[in-house]
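Report on the following structure.
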Amino acid sequence: MARLPNPVWLRTFEAAARHLNFTEAARELGLTQTAVSLHIRSLEAELGEPLFTRAARRLGLTELGRSYALSVRQALADVALSTSSLFGPARRGILRIRAPISSATYWLAATLPDFAADHPGIPVRLVSNIWDDGPAAGGVDVDIRLGRGDWAGLVTEKLCDETIVPVVRAGAPEQPLAALQAHQLIHILGYEDNWPRWFAAQGLTAPTGGSLYSVDTTVAALQLVMAGAGLAIVLTRFAQGAIAQGAPLRLAGPPIPFSQAHYLVRPERAAAPGAPAQLYLDWLRTRLAADAAG
């Protein structure tokens, strides 16, 4: 790590430089004037340069001291801002949601303004992940996963069943379902059986040749579709969400049931959800029930 003086000395220096008075700096920091003076002398010895000019009843900054004070003040302000944002008192009221990246992008993010309208004043932090095979995330209030609900050591609650549907770039000509066999099919890693299952549901045989494109997220798959690289099969919820957000896509066939669902997960001995999380979960369950009803 680059050279860094004692942070306590830097904090003392910033206060002394701002007040130009060791006694006032000591009062602000809860130190004695002697301690402030010792910190400054130690910092000057460390740096090898004087930072203050000292005259009878008058304290000033050297040119180096003045420049250094600006840098130290900005650095401390940055640390204070980051600390307040991540760990400060307001954090107790933050709603922290974790979900797969595609679920966050094409579903949950678009619903948050509606939640904010119903429950104003609750800050939301939405974080995402790609794979859902690890332990429950620490530091989150609501952990949503896509899968079969069989994660070891976790309590699960099914939020919603899902279907999958093929999507094509908007503007592509309408074609019979059998014609889709001739198109370049984009595969999502871990879900390579989705295309064969969909074709079988239509009474068709899936192409046997290898796919030119395999990606690890629905986000990447839909980007390829929009670029004209082929067709992808994704969760209907995600396809509809992307289209509602203005993505140049359209559904290319009927949906079929998907073997996985979205679940709420939590460790077996987790504490009960806090107030913001409980509000959000009640709101989300009501919204999903309304969507399912039609």
Side-chain angles (χ1 to χ4, degrees), residues 1-99 101 104-105 108-109 112-113 115-116 119-131 134-143 267 270-271 273-277 280:
M1 181 179 288
R3 178 185 180 189
L4 179 66
N6 187 319
V8 175
W9 300 347
L10 293 177
R11 183 166 173 261
T12 302
F13 167 65
E14 189 282 326
R18 182 161 28 87
H19 290 289
L20 290 179
N21 186 296
F22 285 0
T23 301
E24 290 298 323
R27 184 176 295 113
E28 175 183 319
L29 299 174
L31 301 173
T32 64
Q33 191 272 345
T34 301
V36 169
S37 181
L38 177 60
H39 289 176
I40 298 302
R41 288 200 305 271
S42 299
L43 180 60
E44 290 176 324
E46 169 77 13
L47 299 176
E49 295 285 348
L51 299 172
F52 290 94
T53 60
R54 297 162 174 86
R57 298 185 180 180
R58 183 176 180 184
L59 188 68
L61 286 164
T62 64
E63 288 299 321
L64 275 176
R66 187 175 296 110
S67 298
Y68 196 45
L70 292 174
S71 297
V72 171
R73 185 170 298 126
Q74 184 60 57
L76 292 176
D78 289 344
V79 172
L81 178 61
S82 179
T83 302
S84 177
S85 298
L86 294 174
F87 308 107
R91 184 174 181 266
R92 292 194 296 269
I94 288 178
L95 169 62
R96 293 157 293 185
I97 305 169
R98 176 183 182 262
I101 186 170
T105 302
L108 295 173
L112 291 179
F115 172 72
H119 301 283
I122 300 177
V124 178
R125 181 178 300 161
L126 177 61
V127 297
S128 58
N129 67 297
I130 295 178
W131 303 108
V140 299
D141 305 300
V142 176
D143 197 357
Y280 176 73

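Everything numeric in this text was worked out from a predicted model, so none of it was measured. Worth knowing before you read on, the calculation uses all heavy atoms, side chains too, and leaves out hydrogens, waters and symmetry mates.
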Closest non-hydrogen atom pair between L43 and P5, with its separation: CD1-CB, 3.7 Å
Point-to-point distance, once rounded to the nearest 0.5 Å, from CG of L31 to OG of S37: 12.0 Å
Rounded distance (nearest 0.5 Å) linking atom NE2 of H119 with atom CG of L112: 12.0 Å
Counterpart residues, side-chain hydrogen bond (donor to acceptor under 3.5 Å, both in side chains), relative to E24 (two or more places apart): R27
Nearest non-hydrogen partners of L108 and A99, listed with the distance: CD1-CB, 3.5 Å
Close side-chain approach of V72 and L76, heavy atoms under 4.5 Å: yes
Value rounded to 0.5 Å, distance of CG in L59 from OG1 in T53: 6.5 Å
Point-to-point distance, once rounded to the nearest 0.5 Å, from CG of D78 to CD of Q74: 4.5 Å
Crowding at CZ, R11 (>12 non-hydrogen neighbours, <6.0 Å): no
Nearest non-hydrogen partners of A15 and E28, listed with the distance: CB-OE2, 4.1 Å
Shortest non-hydrogen separation from A109 to P113 and the atoms involved: O-CD, 3.4 Å
Backbone of T23 reached by a side-chain donor or acceptor of Q33 within 3.5 Å: no
Qualifying residue, where the test is side-chain contact (heavy atoms from CB on, under 4.5 Å) with R98 and the options are D141, V140, V142: V140
Basic-acidic side-chain contact under 4.0 Å: R66, E63: yes
Note, F22 side chain near T12 side chain (heavy atom, < 4.5 Å): no
Closest heavy-atom pair and its distance - E44, L51: OE2-N, 2.8 Å
Gap separating the CZ atom of R73 from the CZ atom of F13, nearest 0.5 angstrom: 8.0 Å
Non-hydrogen atoms of P276 and I122 that approach each other most closely: CB-CG2, 4.0 Å
I40 CD1 to F52 CZ distance, which is reported to the nearest 0.5 Å: 4.5 Å
